[in-house]
Structure formats: structure tokens, C-alpha cells
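Note sheet for the following structure.
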Amino acid sequence: MARQYTLHQQAPAGPRIDFAGELNPQQLAAVTAPPGPALVIAGAGSGKTRTLTYRVAYLIENGIRSQHILLLTFTNKASREMLDRVAALVSDDLGGLWGGTFHSIGNRILRRHPGEAGFAPGFSIMDREDSEDMMDGVVASLGFDPKEKIFPKSGVVADVLSYQLNTGRPLDEILSGKYPHFLEYEEQFIEARKKYEARKRKANAMDFDDLLEKTVGLFRAHPHIAEHYQRQFQFILVDEYQDTNHLQNDFIEILAARHHNVMVVGDDAQSIYSWRGADFRNILEFPKLHAGAVVYKIETNYRSVPEVLAVANAAIAANAKQFPKELRAARKSAGVRPALVPLPDSRQQAQFVAQRILELHEDGVPLEEMAVLYRAHFHSMELQMELTRRGIPFELTSGLRFFEQAHIKDVSAFMKWVVNPRDEVAFKRMVKLLPGIGSRSADGLWDKVAGALQKAGVTSAVEPLSPPGNSTAPQQPVVSAADTPTDELPETVANPWEGLPSIKTLLCPLKVPGRSQKSWEQLALTLDELAPDGRLVPPAKMIGSIMEAVYDDYLLGKYPNYDQRRDDINTLASFSEQYESPQSFLDQLALLTSLDHEAVAKDDPERVTLSSVHQAKGLEWRAVFVIWLADGKFPTGRSLENSEAIEEERRLFYVAITRARDELYLAYPRESFAGGFDDSFQRPSRFLGEIPGALIEAWEVGRGAF
């Protein structure tokens with residue numbers, strides 16, 4: 001039977017906190033809530049951390065000993081911040097308080113009971129690289145012949161099994177929904193799970209997921225251990241509850257089963273992580289699953305001006321599954337409405353953002369107080385190029401700079417070698433993508449290819465430029481916003497494959513490792529397509545051939561985020577359509593990358609932030625640009641036929657809007673030159689149509705304005 005608590009027992013001596021004076025009425029109601037299950041819906045910018053911190057202080061001030069409190073967070077940083085704030089509020093020793101991430105708390109418990117969990121004391125914790133190394137051996141033991149079938153890499157297998165573990169969903173459902181190309185390997189995935197578990201126990205090692213999964217298993221297998229912690233943790237507080245997955249929720253429910261004093265804090269309108277296993281139903285159904293649960297709403301926003309919040313409230317209103325709320329501004333009106341900015345095309349969208357950033361900076365807004373947000377990383381490519389051309393420093397939180405990503409460099413390597421067969425680095429990068437070829441094999445192959453090239457008299461495609469009568473090559477022109485991809489200077493082009501029937505005649509006779517033979521032959525045929533009859537095809541056609549014949553299968557087996565990387569390469573292909581010559585295209589990539597690194601090397605600490613909306617959650621800036629607000633981009637094309645997916649996309653849009661403190665710009669191109677192999681007209685995002693026109697200011701920007 002659950003123990004009943006009355007707060008204000010054995011209150012400590014000393015000065016008491018003026019909770020009513022330091023909290024607004026909604027925060028105060030949540031902080032001083034009586035024992036029992038409670039759901040706190042804390043809107044964006046409403047002081048969620050402050051509410052949790054004061055709740056812990058309130059419990060301690062009212063006689064609850066710190067060792068009876070458990071505070072669960074998603075990051076160590078959040079945990080440290082909250083505990084530091086509590087320590088500043090109360091005079092009690094907090095040494096007994098358990099606070100940390102789900103996995104750190106799981107690790108602490110498992111260290112106390114390793115034997116009952118099936119491990120020896122002193123077990124190791126494997127990082128991601130360690131885990132993949134162990135999975136490499138597991139995958140190899142499954143007996144797949146790479147000459148016959150391409151089985152997913154160990155990293156992909158680990159991701160699939162981790163996702164299943166954290167969501168609790170059947171494997172076949174996960175494969176059919178997220179990885180349909182691997183559905184035929186369901187039995188092998190099951191076998192891989194068994195072998196991986198056996199190897200971990202033999203090595204007395206756990207991976208990151210085990211720290212929680214093994215703890216939940218420990219509680220279920222040994223009820224007396226679960227009861228010990230249920231008695232200890234009389235009050236449980238959970239941060240960012242909307243982001244919990246199935247496994248994390250099981251952990252909470254087991255620990256709260258005795259006392260039911262669990263307060264979960266979050267915002268259903270910011271639940272945006274279903275792709276990594278978060279279950280929106282946890283927060284939505286909390287009141288139904290916990291008898292007597294009280295819902296508290298905190299709706300006063302201290303971050304944004306009223307004009308931004310009006311747009312945010314309108315943006316989320318269309319979601320059917322939510323706890324209705326209305327953010328109210330603590331700040332005064334700025335007198336400026338958010339701007340809706342349709343642009344003629346995607347290049348001018350990038351130019352507009354860059355120009356407006358410069359204008360705001362001239363008006364006194366520091367670069368670090370500005371951010372550009374987008375739905376997917378590849379949406380930032382043209383903007384990265386435009387900012388680079390204008391010398392505007394930026395930092396990326398959504399990933400590597402576009403042209404530095406592994407898959408972009410991989411595809412470029414194929415093209416570089418065909419254009420310049422003497423490029424040893426490009427050749428080795430290309431062949432190491434094939435099964436059975438590592439660094440040593442690549443070195444040996446290069447020696448053979450270099451010899452064959454010399455014997456055949458193959459040269460590089462482009463000779464150095466040299467004006468008549470001058471032995472000094474002209475300086476490379478600096479790329480500016482006004483530059484066009486047309487070739488203004490003549491190139492002296494030598495056909496590197498002249499005199500050869502085909503590239504495959506050069507490569508196919510060379511001896512390669514047996515398991516690589518089939519892939520090597522396919523590579524030779526593909527390279528032949530890039531220079532049929534010795535003539536280099538345009539770069540967009542090269543990229544299409546590389547993807548279709550070789551690289552698409554590699555992406556499928558190598559990366560769990562195949563769709564995102566494929567979108568990146570589609571964007572690269574569309575960008576390359578501006579160029580007839582693959583040499584000009586590759587020169588442009590190299591030039592942009594060089595300028596990019598020059599910008600990074602500057603000492604100026606000011607940087608504009610470029611970020612996906614997912615990475616921007618929890619952050620804020622004075623001025624925020626949200627770009628690519630077109631159907632199929634934001635929301636994504638894959639979400640358009642699924643009502644639950646559309647609602648999550650709308651929540652993502654809401655998160656983007658609520659990052660802005662003072663100024664908000666909502667932009668989209670009417671025509672796209674990125675994201676597919678053909679130019680296409682864009683429809684404005686359906687989310688924009690849900691915002692009343694009176695709340696936004698429509699800007700008109702004509703073609704050629706920049």
C-alpha cells in the first residue's frame with residue numbers, strides 16, 4: 001500500500017525561501033503541489049528549469065531528506081545546472097540526492113548489483129566505437145558472402161537493435177517502417193542480437209543501452225531490489241518528459257510504483273524526437289495512466305515578444321493531439337510583426353538571408369545573436385556557400401559543413417579520379433568503399449593502376465592554364481556573390497582516356513582480392529559510364545551514374561540515416577547542373593571549401609548559427625530565420641500522408657518559431673534548385689497557411705533583388 005505524505009514535516013531551521021515572491025502563480029502552483037502524480041506542462045521559455053529547481057528546494061525545505069529524492073534529466077549539463085541552483089537555494093547538504101541522466105542512474109544501480117544483473121564486479125562500459133568493433137565480429141560470424149549479398153554494416157545493425165530495445169516494438173515492425181531494405185534479414189538481426197549479448201557477457205562489458213535495459217531487467221527479475229529503490233525514492237522528478245521512450249518510461253514507472261509521488265515536467269508541443277524512439281504517448285496519456293494525477297500549466301513566456309508568441313500559438317493550434325495552452329508574453333510589444341518572405345528561387349533565398357544578416361549586424365545585432373534554422377541539414381548548402389562568398393562567419397550545429405561530409409567527399413572522389421587519373425588520394429578513397437579492400441589493398445591496387453596508366457599513356461584531363469607568352473599561371477579568381485558558373489577563361493582540355501577503348505579495359509584485368517572481384521568489375525563499368533568513348537559527361541550525369549550503379553547500395557548498408565545522406569547527394573547533383581564541365585564543378589567545390597576554412601581560421605568570435613530545428617531545441621537568439629518552408633521540405637514529403645507525422649512536423653515548426661526573442665523571418669523559395677535532380681516549383685508550407693495574415697508582415701522580394 002502506498003504511503004501517504006504530508007509536507008511541512010520536520011522543516012529545517014534557517015531562512016526560508018519566499019516561493020510566492022520568486023515564482024509566478026502558475027510556477028508556484030506546480031512547485032507547491034501536494035504529494036501524488038503530477039504533470040507539469042511547461043511552455044517554451046516559461047521557466048521549466050526554475051520550476052524543477054524550486055520544486056526540489058520546496059521538498060527539502062518541507063522535511064523531505066535529500067536521499068529520498070530522485071531527479072532524472074536527459075543531459076549531465078542539465079543535471080549539474082539544477083543541482084547547483086538547488087544548492088544555492090537551500091542550506092542542507094545535498095550529498096544524498098540522486099540526480100543525473102537515466103543512464104548514469106542506471107549505471108549507479110548496476111554497480112551495486114552486478115551479480116544479480118548477470119555481470120561480474122568492475123564491468124566495462126563500451127563506447128560507440130567499442131560497440132561497433134564487437135558487432136563487426138558478430139556480423140562476420142553470420143557467414144554472409146559479400147560477393148553475393150550486401151549485409152548492413154555493424155553500425156547499422158547496432159542502430160536497429162538499439163532502436164528496438166528502446167521502443168519495445170517488434171523487430172519486423174521496425175524493419176518494415178524504418179529499414180524496409182533490410183526486412184529480408186530479420187532472422188539474421190535476431191541472431192546478431194543473441195551473439196552480441198553473449199559476447200558482452202563473456203567480455204564482462206555493457207554498452208550504453210544496457211545501463212538502462214539491464215537495470216529494468218534487474219528490477220523485474222529481483223523484486224526485492226526494486227522494492228529497495230522504490231522505498232528510497234519517495235519523490236521522483238523527471239525533466240523533458242515528452243522526450244522519454246518506452247524503456248525510460250518503464251524505468252520511471254517501476255520506481256514510482258510504491259509512492260506514486262512522480263512529477264514529470266515537459267511540453268507536449270515540443271515532442272519532436274520520435275525518429276530516435278521518443279514516445280509522444282508517454283506525456284499525452286500520463287493523466288490516464290496515473291489515477292488522481294493533476295495537470296499544471298505554465299504559460300508565461302519570458303523569452304519572446306508578443307508578436308512572435310502570437311504566431312507560435314497560431315502555428316500549434318491545428319494539432320488535435322495536445323494539451324491546449326496559450327503562451328503569454330512577459331515582455332512588451334516590439335511593434336514589429338514576424339516577416340513572411342517568399343523568394344523567387346532557392347539561390348535568392350540564400351542571398352536574402354545573407355543580406356538581411358548584414359543589415360541586422362549593421363543595426364547592432366551581434367552575429368552570435370542570429371540563427372538560421374531548417375528542417376534538414378542539406379537545406380543549408382546554398383546558404384553555406386552564400387555566407388562563405390560574402391565572408392560572413394558561421395558555425396554549424398546540424399553537422400559537418402556540407403562539402404566536408406563523408407558521403408559528399410566519397411562521390412567527389414569518383415569524379416576526381418576520372419577527371420584526373422593521377423589523383424592517388426581520390427583513387428584510394430574510391431576503392432576503399434569496396435568490400436574486402438582496406439588501406440594495404442588500396443596501396444597495392446594503386447601501384448598496379450599507376451603502372452597501367454603510365455603504360456597506356458593516360459594523362460590528367462586538364463593541363464595548367466598559361467596565358468600566351470607568360471609562364472606564370474593566372475591567379476584563381478576570388479568567388480563573389482556575382483560570380484556565375486560559366487567558364488569565362490578557356491581551358492586546355494586533354495582527354496585523359498584518349499587511345500583507350502574504355503576505362504574497364506584498363507581496370508578489369510588487374511588482380512584484386514577474391515571477395516572484391518564482383519564489386520571491382522562493377523566499379524570499372526561505372527567509371528566507364530562517366531567517360532564513355534573517352535569523353536567526360538556532365539557532372540550531374542556523373543553523380544547519377546555513381547549513385548545508381550555503386551554508391552546507393554553502399555549508403556544503404558553503411559549508414560542508418562540513408563535517406564538524409566541520399567537527400568544531400570541529390571542536392572549536390574542539382575547544384576552541379578549549373579556546370580557543363582566536371583572540372584569546373586570540382587574547382588568550385590575546392591574553392592568554396594578553401595574559403596570556408598579561411599573563414600573558420602579567423603579570430604573573430606562572432607558566428608551566425610546554422611542549425612536544424614532539432615539541434616536548436618533549448619536555444620534562443622534575438623533574430624531567427626526559418627528557411628525552406630515549402631511542402632515536401634518542411635513538412636517533409638515523407639510526412640504528408642501520415643497525420644501523426646504531420647503533427648510532429650507542426651510541433652517542430654512551433655519549436656523553430658519559439659527560438660526567436662525579437663525578430664522572426666519565415667522564408668521559402670517559389671522555385672527550387674536543390675533537393676532533387678530537376679528544378680521544381682514549390683508550394684508554400686501548409687503550416688504558413690494556418691497562420692492568420694494579420695499576425696505576419698508579407699515582404700515582396702523580386703527576382704534579381706540581390
Side-chain angles (χ1 to χ4, degrees), residues 272-275 311 315-316 318 338-354 371-387 396-399 402 405 408 561-575 577 610-617 624-657 659-660 664-691 696 699 701:
I272 59 174
Y273 294 115
S274 66
W275 55 275
V311 172
I316 199 64
L340 175 62
V341 193
L343 283 308
D345 57 50
S346 55
R347 296 189 196 110
Q348 295 211 32
Q349 176 181 242
Q351 291 167 6
F352 162 76
V353 172
V372 185
L373 308 182
Y374 34 81
R375 176 61 182 85
H377 184 50
F378 73 90
H379 293 164
S380 69
M381 185 199 75
E382 286 170 305
L383 181 60
Q384 288 185 47
M385 292 192 296
E386 187 63 29
L387 295 178
L396 281 159
T397 65
S398 56
F402 188 85
Q405 298 175 106
I408 299 299
N561 61 342
Y562 160 79
D563 290 332
Q564 296 173 29
R565 292 175 188 263
R566 174 74 203 208
D567 286 341
D568 285 346
I569 294 171
N570 284 352
T571 300
L572 183 72
S574 291
F575 171 65
E577 288 179 344
L610 308 189
S611 176
S612 69
V613 184
H614 284 103
Q615 293 291 330
K617 185 174 176 290
V624 169
F625 299 81
V626 187
I627 61 174
W628 278 106
L629 282 166
D631 266 6
K633 302 294 192 301
F634 197 167
T636 66
R638 287 183 288 273
S639 69
L640 295 179
E641 303 301 322
N642 184 308
S643 61
E644 287 190 3
I646 281 291
E647 292 216 344
E648 179 157 334
E649 292 286 305
R650 190 177 285 111
R651 294 194 294 269
L652 198 62
F653 182 44
Y654 172 84
V655 167
I657 293 170
R659 301 309 95 198
L664 175 67
Y665 300 86
L666 306 175
Y668 70 91
R670 291 192 175 100
E671 191 175 351
S672 167
F673 293 96
F677 285 105
D678 299 308
D679 298 346
S680 59
F681 290 99
Q682 304 288 304
R683 295 179 57 187
S685 170
R686 61 195 61 200
F687 300 153
L688 295 174
E690 295 167 355
I691 300 172
I696 52 179
W699 289 25
V701 181

Inset, instruction - Measure the acute angle between the ring planes of Trp275 and His614, then classify it against the limits of 30° and 60° as parallel, tilted or perpendicular. - result: perpendicular
Legend entry - Nearest-0.5 Å distance, CD of residue Glu641 to CZ of residue Arg638: 13.5 Å
Inset, instruction - Kindly give the heavy-atom pair with the smallest separation between Pro635 and Ser685, and that separation in Å. - result: CD-OG, 3.4 Å
Inset, instruction - Keeping the roles fixed (side chain from Gln349, backbone from Ile627), state whether a donor-acceptor pair exists under 3.5 Å. - result: no
Inset, instruction - Starting from the C-alpha separation in whole Å, work towards a yes-or-no answer on side-chain contact (heavy atoms from CB on, under 4.5 Å) for Trp628 and Phe634. - result: CA-CA 7 Å; Trp628 278 106; Phe634 197 167; 5.6 Å; no
Inset, instruction - Would you please name every residue forming a ring-ring contact (aromatic ring centres under 6.0 Å, His included) with Phe687, sequence neighbours left out? - result: Phe653
Inset, instruction - Give, for atom CD of Glu647 and atom OH of Tyr654, the distance between the pair rounded to the nearest 0.5 Å. - result: 14.5 Å
Legend entry - For Val613 against Leu652, the heavy-atom pair lying closest together: CG1-O, 3.3 Å
Legend entry - Under the salt bridge (charged side-chain N to carboxylate O under 4.0 Å, His left out) test, residues paired with Arg375 that sit two or more places apart: Glu649
Legend entry - Under 3.5 Å donor-acceptor, Tyr665 side chain and Val624 backbone: no
Legend entry - Glu644, CD atom: more than 12 neighbouring heavy atoms under 6.0 Å: no
Inset, instruction - Find the distance between CD (Gln682) and NZ (Lys633) and round it off to the nearest 0.5 Å. - result: 4.0 Å
Inset, instruction - For Gln405 and Phe402, indicate whether the former's side chain and the latter's backbone hold a donor-acceptor pair under 3.5 Å. - result: yes
Legend entry - Residue list, salt bridge (charged side-chain N to carboxylate O under 4.0 Å, His left out) with Arg683, at least two apart or on another chain: none
Inset, instruction - Sequence neighbours left out, what passes ring-ring contact (aromatic ring centres under 6.0 Å, His included) with Tyr668? Give chain and number order. - result: none
Inset, instruction - Mind checking the CZ-CG spacing from Phe575 to Asn570? Nearest 0.5 Å is all I need. - result: 15.0 Å
Legend entry - Minimum heavy-atom distance between Ala315 and Glu690, given as atom pair plus value: O-OE1, 4.1 Å
Legend entry - Whether Asn642 side chain and Ala645 backbone form a donor-acceptor pair below 3.5 Å: yes
Inset, instruction - Verify side-chain contact (heavy atoms from CB on, under 4.5 Å) between Val372 and Leu387, making sure each step is shown before the conclusion. - result: CA-CA 11 Å; Val372 185; Leu387 295 178; 5.8 Å; no
Legend entry - Set of salt bridge (charged side-chain N to carboxylate O under 4.0 Å, His left out) partners for Arg670, sequence neighbours left out: none
Inset, instruction - Just do the side-chain contact (heavy atoms from CB on, under 4.5 Å) check on Arg686 and Leu640 with the steps written out, would you? - result: CA-CA 10 Å; Arg686 61 195 61 200; Leu640 295 179; 3.5 Å; yes
Inset, instruction - Mind running side-chain contact (heavy atoms from CB on, under 4.5 Å) on Arg659 and Val626 for me, showing each step along the way? - result: CA-CA 10 Å; Arg659 301 309 95 198; Val626 187; over 6 Å; no
Legend entry - From Ile657, Leu664, Ile691, residue fulfilling side chain to side chain contact (heavy atoms under 4.5 Å, CB included) relative to Pro338: Leu664
Legend entry - Ser380 side chain vs Leu383 backbone, donor-acceptor pair below 3.5 Å: no
Inset, instruction - Could you list the residues that satisfy salt bridge (charged side-chain N to carboxylate O under 4.0 Å, His left out) with Glu648, not counting sequence neighbours? - result: Arg651
Legend entry - CD-CZ distance between Gln384 and Phe378, expressed to the nearest 0.5 angstrom: 13.0 Å
Legend entry - Reported CG-to-CG distance for the pair Leu610 and Leu396, which is rounded to 0.5 angstrom: 5.0 Å
